[in-house]
Amino acid sequence: MASRLADPRLGVPRAGTSEALAGAASGSEVGPVAPADPVIVDFSSPNIAKEMHVGHLRSTIIGDALARVLEFRGHPVLRLNHVGDWGTQFGMLITHLKQVAPQALTTADAVDLGDLVAFYRQAKARFDADEAFQTTAREEVVRLQSGDPVSRRAWQLLCEQSRREFQAIYDRLDIRLNERGESFYNPYLEAVVADLDASGLLVQDDGAQCVFLEGVSGKEGKPLPVIVRKTDGGFNYATTDLAAIRYRFADSPAGDGARRVIYVTDAGQASHFAGVFQVARRAGWIPAGSRLEHVPFGLVQGEDGKKLKTRSGDTVRLKDLLDEAVERCEADLRRRLAEEGRAESEEFIRHVATTVGLAAVKYADLSQNRTTNYQFSFDRMLALQGNTAPYLLYAVVRIAGIARKGGDVVTDSDQPLQFSEPQEWALVRQLLDFDAVIAAVEDELLPNRLCAYLFELSQVFNRFYDQVPVLKAPPQARESRLALCRLSADTLKLGLGLLGIPTLERM
RNA sequence: GGGGCUGUAGCUCAGCCGGAUAGAGCGACGGUUUCCUAAACCGUAGGUCGUGGGUUCGAGUCCCGCCAGCCCCGCCA
């Protein structure tokens with residue numbers, strides 16, 4: 001306990017160092033310290049010219065939390081936003097815009113993202129219905145991919161427009177990401193196919209170039225192919241994903257030199273990644289001892305158990321969803337303040353509502369085992385009791401209240417800590433589990449384990465708070481209890497921080 | 001047709017790679033406030049772990065069959 005109080009890392013060893021000794025001294029059993037291998041977390045990944053929706057929310061929140069945990073453990077983490085900024089869709093969109101809104105392709109800010117989404121929809125409809133349009137669109141893709149300046153400029157404008165919109169969301173959620181879209185891998189696609197050919201994996205089938213998968217059979221018992229070059233000579237997303245894997249594991253400067261690559265996408269892509277991973281492995285692109293992992297998550301469903309939609313049947317925009325969470329939170333806070341006769345500044349109310357609202361959205365998502373579908377409910381996530389963000393944040397607030405009224409805790413007190421009550425021991429036991437939980441999350445990539453731990457910690461703390469006096473305790477017990485409070489607060493703040501959730505002093 | 005995921009209390013979910021009487025929250029019912037924010041705490045009721053077999057000293061957990069829901073399956077990403 002004493003060593004934890006003096007340790008800003010709360011007993012979690014940093015990978016690749018000998019801090020495991022410190023962990024052992026405090027009685028933890030984290031096991032051998034992993035080397036500080038470079039890790040890539042590929043997450044969020046929205047598509048240009050489309051709006052972010054709840055599907056991106058899960059990837060963004062889970063990916064960010066995993067990246068934070070891995071960073072905290074001492075790994076150099078590259079957070080990659082593999083945005084959909086390449087491919088047939090741009091042929092469609094640019095062709096359509098050239099005809100109906102050419103200014104959008106030459107002038108910045110001529111259209112906003114909402115317009116783009118509408119244009120995209122129109123373009124897609126024409127593409128599906130009109131063969132001539134389809135041909136023109138495909139030609140446009142070829143022009144873009146071969147670097148035609150007019151196409152290139154149009155593409156850049158579209159990307160910038162979308163990028164600003166995405167960034168607003170990321171800023172709001174405090175998410176750091178490096179954009180490296182599909183287009184980045186364009187120069188490597190030829191080499192990928194050449195490599196596969198050289199290793200004898202490439203097979204010409206039905207006009208397309210494929211690699212046939214081992215152990216996976218499709219219709220009529222034929223092996224399932226991964227198509228890396230289409231009949232028309234173009235590449236597709238599998239080629240891009242392969243190029244990305246190859247680049248990410250390749251040593252610098254021709255690559256990222258990663259030793260663990262993590263993809264946070266919906267579970268629907270599981271078989272796609274399984275196929276692509278197998279091809280990459282057989283091509284010899286994955287160094288021995290490296291980990292290549294798909295971190296799948298389930299669908300976000302409405303309370304009816306179906307895919308989440310607005311009342312009018314549209315997909316829910318992420319921005320609207322976050323707004324509503326904050327608005328509901330603010331309304332609830334104002335009602336509560338009125339009931340309690342508390343007067344708080346507008347700034348306080350806005351700050352608390354924003355923090356709690358966004359925390360609730362994040363926590364609701366992270367606290368579930370990601371592999372299952374997840375039922376989205378404002379009422380449940382904003383509930384003040386139960387396994388929710390407000391409950392955890394409230395525990396932190398209670399401790400802050402003690403600190404305000406009880407002064408500072410002496411960090412290097414000569415007095416040995418003394419505990420007598422079962423509630424104290426329960427809290428001690430829970431606090432000492434923190435490092436093992438972090439190690440488990442690092443290994444299993446399941447943020448809900450950390451959530452469950454923090455919820456239990458809050459419960460144990462609330463019991464302690466309710467049943468054991470702190471400030472009114474006799475001097476020696478008081479010091480020990482204040483130390484428990486401080487370590488509880490530190491653990492909650494650090495743990496929530498690793499989930500991307502900031503805490504409050506008052507709420 | 002092939003493959004994947006899921007099925008645990010009325011509801012939403014845990015259950016950490018088999019180990020003791022299956023856990024939590026919500027909801028229901030009943031309590032607690034001259035005291036550090038009651039956004040809390042305490043208690044009661046509620047489950048043949050989808051189903052049928054098998055492996056094991058021991059299965060919610062592993063294997064097989066079946067049923068139900070969702071998702072994926074050659075040139076979209």
Side-chain angles (χ1 to χ4, degrees), chain A residues 45 47 50 82 84 86-89 92 124 127-128 182 205-210 212 216-222 224-241 265-272 274-275 296-299 301 303 305-307 332-333 336 340 342 356 364 367-369 371-375 377 379-388 390-395 397-406 436-437 440-441 443-444 446 448-449 451-452 455-456 458-459 461-473 481-482 485 506-507:
Chain A
S45 310
N47 291 313
K50 291 192 192 173
H82 191 76
W86 210 238
T88 318
Q89 53 195 1
M92 284 162 33
K124 176 90 170 89
F127 186 85
D128 291 341
E182 294 168 347
D205 191 78
D206 220 0
Q209 296 185 305
C210 332
F212 283 95
V216 193
S217 55
K219 287 166 188 157
E220 294 129 36
K222 274 178 68 179
L224 218 60
V226 170
I227 294 175
V228 294
R229 187 158 221 170
K230 302 185 283 185
T231 310
D232 66 4
F235 304 107
N236 64 6
Y237 63 103
T239 329
T240 305
D241 280 339
T265 79
D266 68 280
Q269 298 187 53
S271 38
H272 163 67
F297 55 82
L299 257 52
Q301 301 173 316
E303 290 182 71
K306 292 179 184 163
K307 200 171 172 186
D332 193 60
L333 179 60
R336 177 177 305 282
E340 294 174 9
R342 278 170 65 189
V356 176
S367 60
Q368 302 227 351
N369 186 317
T371 51
T372 53
N373 289 347
Y374 146 56
Q375 205 173 95
S377 161
D379 289 333
R380 272 201 300 275
M381 71 175 67
L382 291 169
L384 308 169
Q385 55 280 98
N387 190 4
T388 65
Y391 180 86
L392 302 200
L393 291 174
Y394 181 62
V397 163
R398 286 182 127 181
I399 302 172
I402 292 178
R404 264 198 308 278
K405 303 202 174 174
V437 171
V441 174
D443 183 51
E444 300 169 311
L446 289 172
N448 67 304
R449 291 239 196 287
C451 293
F455 175 53
E456 281 165 29
S458 302
Q459 282 183 309
F461 175 78
N462 274 330
R463 244 165 252 149
F464 163 80
Y465 179 94
D466 194 62
Q467 295 160 20
V468 181
V470 176
L471 295 178
K472 293 188 172 177
R481 288 174 191 173
L482 281 170
C485 288
R506 295 196 305 123
M507 64 190 274

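Predicted model, so just to flag it, every value in this text is computed and none were measured. Labels below follow one simple rule: chain letters A, B, ... track the order of the sequence lines, proteins then strands, and each chain is numbered from 1.
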For a 4.5 angstrom cut-off between non-hydrogen side-chain atoms, does [X] reach [Y]?
{"X": "A:Ile402", "Y": "A:Tyr465", "answer": "yes"}
{"X": "A:Phe212", "Y": "A:Asp205", "answer": "yes"}
{"X": "A:Thr240", "Y": "A:His82", "answer": "yes"}
{"X": "A:Gln89", "Y": "A:Phe127", "answer": "no"}
{"X": "A:Val228", "Y": "A:Phe235", "answer": "no"}
{"X": "A:Arg481", "Y": "A:Pro469", "answer": "yes"}
{"X": "A:Glu182", "Y": "A:Asp241", "answer": "no"}

Can you tell me how far [atom1] in [N] sits from the matching atom in [M], rounded to whole Å?
{"N": "B:rC11", "M": "B:rG7", "atom1": "C1'", "result": "15 Å"}
{"N": "B:rA39", "M": "B:rC26", "atom1": "P", "result": "14 Å"}
{"N": "B:rC13", "M": "B:rU8", "atom1": "C1'", "result": "10 Å"}
{"N": "B:rG19", "M": "B:rA59", "atom1": "C1'", "result": "10 Å"}
{"N": "B:rG31", "M": "B:rA20", "atom1": "P", "result": "36 Å"}
{"N": "B:rG4", "M": "B:rG65", "atom1": "P", "result": "11 Å"}
{"N": "B:rU6", "M": "B:rG15", "atom1": "C1'", "result": "16 Å"}
{"N": "B:rG27", "M": "B:rA9", "atom1": "C1'", "result": "12 Å"}

Round to a whole Å and report the spacing from [atom1] of [X] to [atom2] of [N].
{"X": "A:Asp379", "N": "B:rC11", "atom1": "CG", "atom2": "P", "answer": "18 Å"}
{"X": "A:Leu299", "N": "B:rC72", "atom1": "CG", "atom2": "C1'", "answer": "12 Å"}
{"X": "A:Arg398", "N": "B:rA39", "atom1": "CZ", "atom2": "P", "answer": "8 Å"}
{"X": "A:Gln269", "N": "B:rC76", "atom1": "CD", "atom2": "C1'", "answer": "12 Å"}
{"X": "A:Glu456", "N": "B:rC13", "atom1": "CD", "atom2": "P", "answer": "19 Å"}
{"X": "A:Lys50", "N": "B:rC76", "atom1": "NZ", "atom2": "C1'", "answer": "9 Å"}

note = A:Ala383 and A:Pro390 have their tightest heavy-atom pair at O-CG, 3.6 Å

task = For residues A:Met381 and A:Ala364, report the shortest heavy-atom separation together with the two atoms involved.
result = CB-CB, 3.5 Å

So, OP1 or OP2 of [N]: does either fall under 4.0 Å of a side-chain N or O from [X]?
{"X": "A:Thr372", "N": "B:rA14", "value": "yes"}
{"X": "A:Lys230", "N": "B:rC76", "value": "yes"}
{"X": "A:Tyr465", "N": "B:rC42", "value": "no"}
{"X": "A:Arg449", "N": "B:rG15", "value": "yes"}

task = Treat primed atoms plus P, OP1 and OP2 as sugar-phosphate and everything else as base, then score nucleotides 17-32 of chain B 5' to 3': B for base contact with protein heavy atoms under 4.0 Å, S for sugar-phosphate contact only, - for none.
result = -------SSS------

Checking all strands, does [X] fall into the base, sugar-phosphate, or nothing category for heavy-atom contacts under 4.0 angstrom?
{"X": "A:Ala208", "answer": "base"}
{"X": "A:Glu444", "answer": "sugar-phosphate"}
{"X": "A:Val468", "answer": "base"}
{"X": "A:Gln467", "answer": "sugar-phosphate"}
{"X": "A:Asp206", "answer": "base"}
{"X": "A:Gly84", "answer": "nothing"}
{"X": "A:Asp205", "answer": "base"}

query = When rounded to the nearest 0.5 angstrom, what is the spacing between CD in A:Gln375 and CZ in A:Arg380?
reply = 5.0 Å

request  = Could you tell me the separation between the CG atom of A:Leu471 and the CG atom of A:Leu482, rounded to the nearest 0.5 Å?
outcome  = 6.0 Å

request  = Under 3.5 Å for both distances, Watson-Crick or G-U wobble, that's the pair rule; now give the dot-bracket for RNA chain B, with | marking pairs to another strand and [ ] for crossing ones.
outcome  = (((((((..((((.....[...)))).(((((.......))))).....(((((..]....))))))))))))....

query = Given A:Asn369 and A:Thr371, is the side-chain hydrogen bond (donor to acceptor under 3.5 Å, both in side chains) satisfied, shown in steps?
reply = CA-CA 6 Å; A:Asn369 186 317; A:Thr371 51; 2.7 Å; yes

request  = Would you mind telling me which residue lines up with the more 5' stretch of RNA chain B, A:Glu182 or A:Val356, judged by nearest nucleotide?
outcome  = A:Val356

inquiry  = Using heavy-atom distances to pick each residue's nearest nucleotide on RNA chain B, tell me which of A:Pro225 and A:Gln375 is more 5'.
reply    = A:Gln375

Measuring from the side chain of [X] (C-beta onward, heavy atoms only), which nucleotide among [options] has the closest atom?
{"X": "A:Lys405", "options": "B:rC36, B:rG15, B:rC70", "value": "B:rC36"}
{"X": "A:Asn462", "options": "B:rC41, B:rC75, B:rC36", "value": "B:rC41"}
{"X": "A:Tyr237", "options": "B:rC70, B:rA77, B:rA14", "value": "B:rA77"}

ask   = Do A:Thr231 and B:rC75 share a donor-acceptor pair, side chain to base, under 3.5 Å?
value = yes

